[in-house]
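Just below is one structure, and these are the notes that go with it.
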Amino acid sequence: MIYALISDIHANLPALEAVLADIGARSNITATYHLGDLVGYAPWPNETVNLIKSRGIAGVAGNYDSTVGTDYKHCGCRYEDPRQEELSHLSYAWTRQHVSLATKQFLSGLPFRIDLRPSGGHGAGPRVFLVHGTPTLNTLYWTEDRPDDFCLKMANLAGAKDGDVIAFGHTHIAWHRQIEGIHFVNTGSVGRPKDGDWRAGYVLLRVGTGTVDVENVRVTYDLERTAQGIIDSELPANFAEDLRTGGRAATHSAKRR
Ligand SMILES: [Fe+2]
């Protein structure tokens, strides 16, 4: 079974289109799932949701999806500094203003978690759990430097055992660790990567009999179309710069302060 896992699209329609074209050009993909955060930071929340819907791509609720969907007071995002907080609030307000009722309903209806059984539910076998942040909250950041204890605690809460996979996004930086036979896979971000590489990122997860393989894929897309779309909207132009630098512009300016 080969799953394409796409996360944190964040209304970046050109990035999503490029990733879906890349997945579509591969003839051996079993299914594509999204891991949430369909909206926020870019000007195509409705178009992104419509494309996901039209392709029949199932997925889970990211913090952005569930906060927009439930009219929560903020997006549940973490801020490095006051300026980032201000920008984050602007993005959230813009997104809430511009989502259609149908988009909002779709976002609020997304499940928190999806469980897969690559070898079928009729017998024991590896399981794949899909969440946005962690199995407990979609706002909690699961970064690569989390200690083994944290990962195993989350695995225990999810019910994961040796040979199982927990896949998630939310941090916008891909990583893969294996602890006590359990695979922890952060799929990175399609529409707003933060690892210094501007290209859209997703994961191909291959699950066989006793084997798990994780391939990080990066795809070029029409970045300037997205940047121009941001500039032409009332979203802060900073978000265009974030995309051009693979998320490193905000980090650098925060460090300088
Ligand atoms: Fe996100």
Side-chain angles (χ1 to χ4, degrees), residues 5-16 19 33-45 48-49 51-52 57 59-70 72 74-80 84-85 87-96 98-99 103 106-108 110-114 130-144 146 166-175 185-203 216 218 221 226 230 235-236 238-243 245-251 254:
L5 303 179
I6 60 176
S7 191
D8 295 271
I9 298 158
H10 282 298
N12 186 341
L13 186 67
L16 176 62
V19 161
Y33 292 94
H34 75 79
L35 303 190
D37 271 8
L38 299 175
V39 302
Y41 300 105
W44 297 287
T48 296
V49 164
L51 183 52
I52 290 288
I57 298 170
V60 297
N63 54 295
Y64 231 105
D65 311 315
S66 55
T67 53
V68 168
T70 60
Y72 194 58
H74 59 71
C75 65
C77 314
R78 184 177 60 193
Y79 328 112
E80 304 288 336
Q84 225 185 67
E85 181 175 359
L87 292 171
S88 190
H89 288 319
L90 289 170
S91 163
Y92 188 59
W94 188 97
T95 301
R96 287 189 62 196
H98 288 82
V99 289
T103 294
F106 181 81
L107 296 176
S108 60
L110 288 169
F112 180 80
R113 162 176 152 173
I114 290 177
L130 309 178
V131 292
H132 177 69
T134 69
T136 55
L137 285 173
N138 61 18
T139 48
L140 191 55
Y141 289 84
W142 200 342
T143 49
E144 190 170 11
R146 290 276 194 183
I166 305 179
F168 46 93
H170 189 43
T171 70
H172 299 205
I173 296 178
W175 56 268
V185 180
N186 190 315
T187 64
S189 170
V190 169
R192 196 168 151 79
K194 291 186 178 171
D195 60 356
D197 183 342
W198 65 270
R199 296 174 300 170
Y202 74 97
V203 151
N216 286 299
R218 299 307 283 256
Y221 70 96
T226 304
I230 291 168
L235 284 163
N238 305 61
F239 299 150
E241 194 53 21
D242 290 344
L243 295 182
T245 59
R248 290 296 162 96
T251 311

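FYI, the numbering just counts along the sequence from 1. Basis for what follows: all heavy atoms, side chains included, without hydrogens, waters or symmetry-related copies. Each ligand, and each atom within it, is numbered from 1 in the order the structure gives.
- Qualifying salt bridge (Lys or Arg N to Asp or Glu O under 4.0 Å) partners for Glu241, counting only residues two or more places apart in sequence or in other chains: Arg244.
- Close placement of the Tyr64 and His10 rings is indicated, their centers lying within 6.0 Å of each other.
- Look at His170 and the Fe ion (ligand 1): no N/O/S atom of the residue is under 2.8 Å from the metal.
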Between Tyr141 and Ile173, is the side-chain contact (heavy atoms from CB on, under 4.5 Å) condition met? List the steps. CA-CA 11 Å; Tyr141 289 84; Ile173 296 178; over 6 Å; no
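- Note on Asp8: its N/O/S atom closest to the Fe ion (ligand 1) is OD1.
- Between His89 and Tyr79, the gap from one ring centroid to the other is short of 6.0 Å.
- Among the heteroatoms counted here (N, O or S) of Asp37, OD2 is the one nearest to the Fe ion (ligand 1).
- Distances from the Fe ion (ligand 1) show that His132 has no N/O/S atom below 2.8 Å.
- Between His74 and Tyr72, the ring planes are perpendicular. Angles over 60° get that label, and only those under 30° would be called parallel.
- For the pair NE2 of His172 and NE2 of His10, the angle whose vertex sits at the Fe ion (ligand 1) is 90° to 10 degrees.
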